[in-house]
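Following: one structure in structure tokens, then a few remarks.
We count ligands from 1, going down the list as the structure has it; atoms in each ligand are counted the same way. Heavy atoms only: backbone and side chains are in, while hydrogens, waters and symmetry mates are out.
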Amino acid sequence: MKILVINAGSSSLKYQLYDMTTEAVLAKGLVERIGMDSSILNHEPTGGQEISEVSEILEHTTAIRKVLDMLVHKEHGVLQSVDEIQAVGHRVVHGGEAFKGSAIVTQEAKSEIRRLFDLAPLHNPACMMGISAAEINMPNVPQVVVFDTAFHQTMPEKAYLYAIPRVLYKKYRVRRYGFHGTSHYYVSQKAAEFLNRPLEDLKIITCHIGNGGSLTAIQNGESVDTSMGLTPLEGLMMGTRSGDLDPAVVPFVMNKEDLTINEVNSMLNKHSGLLAISGVSSDMRDITDGMAAGEPNSTLAFEMYEYRLRKYIGSYAAAMNGVDVIVFTAGVGENSVVVRQRVCENLSYLGVDVDEALNAVRSREPRRISTANSKVEVLVIPTNEELVIARDTFRLVQEQNSTNS
Ligand SMILES: Nc1ncnc2c1ncn2[C@@H]1O[C@H](COP(=O)(O)OP(=O)(O)O)[C@@H](O)[C@H]1O
Ligand SMILES: CC(=O)OP(=O)(O)O
Ligand SMILES: [Mg+2]
């Protein structure tokens, strides 16, 4: 079965085409700047030549049509016909409390995702555009939704409730949901596999640090706490997001600067984090370059980022009364030698001991960076959210086919 995996953002759309007989990626790519004057489609057939095409793509329906055209392109394509795609899997950021796992797209599922627009105004409308666009272009192909929040549905009340009037939870479901669940799930499974130990025996802290970032405390293979909250704004300092702050800052600043709700949301989500403190960039590569050059604002941004991350690791070790494994993943976690080094240097009280040479190794494979003496295994595991989406899509569509036959 060939499965197309789609991760739709408000102005971008990432895709990967899988052949599930071998779980091989046949092609992948990215459409950027959807709705702007010149959109770019970047397509990478496996083993073939990468190609970039600039054109006008005003909305997601056209974006998916362009992707399908590319997949059957004479020179750069990997399919004879679009009909070879037998299912589509979508990443959906917010599944609220309704979705504890992945689901086949039905009218009810779509209504539920729309109901969740309120809780994820920056993310879910874009995911919905991806689903509608795929339905228009591939009307007879089953679609599956895989949620960032689903893995965290095992958190106990004491971890997911906020200490605010209970009525706000009852009326509006205001609570911690957590995100990047597909990634936290995948790397925790991989960690147990890599260590050749049962997942149930391990207390794991997974650090998914990319452009957005979150930590999860995992016990018995289940998420017991995670740093993102009602929305993907809480927790760590991120590329452009503030992470934790005193909630009183929000009304204070709104009042002083006469800001609307949209403006304050935009300030905290798009103009904060590494970008705000460094004044230079939201990208960790630029921050560590700036720090190496002795630039004070980049140095401060790095120190704040690392300090926050380390405090969260300490709090999750406290939450689980110990930690056996720390996993680093996503753009920063997989690539930044200096972030890992600095965080781990300051976790010696937990018995963490990282080997400098192992930490400096660059590889796309799961690997250990801790010494043999370390009380905590420290691993770097490249995440693969798309593979989890493809597997769930494959499983659900097969189940549906077998009940229908
Ligand atoms: N070689 C690298 N060294 C340090 N940081 C990196 C490197 N490559 C990528 N990053 C960081 O990873 C981020 C992207 O992470 P990623 O997980 O791909 O994010 P997203 O899924 O949100 O697009 C970049 O913004 C940058 O901060
Ligand atoms: C939920 C979220 O923060 O996702 P991303 O890191 O892809 O922005
Ligand atoms: Mg990501």
Give the single entry among N335, D283, T329 that approaches atom 26 (C) of ligand 1 most closely by any heavy atom.
D283
Who pairs with Q219 by side-chain contact (heavy atoms from CB on, under 4.5 Å), at least two apart in sequence or on another chain?
K203, V224, M320
Least distance between heavy atoms, G213 atom then H180 atom:
N-CE1, 3.8 Å
Any idea which atoms of ligand 2 are less than 4.0 Å away from a heavy-atom of R91?
1 (C), 2 (C), 4 (O), 7 (O)
Just checking Y177 against H94, ring centres under 6.0 Å apart?
yes
Which of the numbered atoms in ligand 2 are under 4.0 angstrom from any heavy atom belonging to F179?
1 (C)
Give the residue and atom name of whichever protein heavy atom lies nearest to atom 20 (P) of ligand 1, and the separation in Å to one decimal.
N211 CB, 4.0 Å
Is M284 in polar range of ligand 1, meaning some N or O pair under 3.5 Å apart?
yes
For E59 and T62, which I'm curious about, is there any donor-acceptor pair between the side chains at under 3.5 Å?
yes
Test: R173 cationic atom under 6.0 Å from Y169 six-membered ring centre, within 45° of axis:
yes
Ignoring hydrogens and geometry beyond distance, is a side-chain donor-acceptor pair present between T329 and E334 at under 3.5 Å?
yes
Using the six-membered ring wherever Trp is involved, compare the ring planes of H76 and H73 and label them parallel, tilted or perpendicular (cut-offs 30° and 60°).
tilted
So if I count the atoms of ligand 2 from 1 in the order they appear, which ones are less than 4.0 Å from some heavy atom of R241?
2 (C), 3 (O), 5 (P), 8 (O)
Measure the distances from the heavy atoms of M238 to every atom of ligand 1 and state whether one is below 4.0 angstrom.
no
closest protein heavy atom to atom 23 (O) of ligand 1 is K14 NZ, 3.7 Å
Looking at V332, which atoms of ligand 1 are within less than 4.0 Å of one of its heavy atoms?
11 (C), 12 (O), 27 (O)
Among H208, H180, K14, the residue with a heavy atom nearest to atom 2 (C) of ligand 2 is H180
Distance under 4.0 Å to a non-hydrogen atom of S336: what atoms of ligand 1 satisfy this?
4 (C)
Can you tell me which residue and heavy atom of the protein come closest to atom 17 (O) of ligand 1, and the distance to 0.1 Å?
G331 N, 2.9 Å
Salt bridge flag under 4.0 Å for residues E23 and R391:
yes
Does the cation-pi check pass for R175 over Y160, that is, NZ or CZ under 6.0 Å from the six-membered ring centre and within 45° of its axis?
yes
Counting from 1, what ligand 2 atoms have a heavy atom of M228 closer than 4.0 Å?
3 (O)
For ligand 2, which is the ligand I care about here, please tell me if N211 has any N or O atom under 3.5 Å from one of the ligand's N or O atoms.
no
Distance, nearest 0.5 Å, that separates CG of L275 from CZ of R241:
12.5 Å
For ligand 1, indicate whether the residue E334 contacts it via side chain, backbone, both or neither (heavy-atom separation under 4.0 Å).
neither
Heavy-atom nearest neighbour in the protein, as seen from atom 3 (N) of ligand 1, with distance rounded to 0.1 Å:
R285 CG, 3.4 Å
Suppose I only count heavy atoms of D148 and a 4.0 Å limit; which atoms of ligand 2 are within that range?
1 (C)
If we number the atoms of ligand 2 from 1 as shown, the ones under 4.0 Å from a heavy atom of P232 are 1 (C), 3 (O)
Please check if any side-chain donor atom of D286 sits under 3.5 Å from a side-chain acceptor atom of S281, or the reverse.
yes
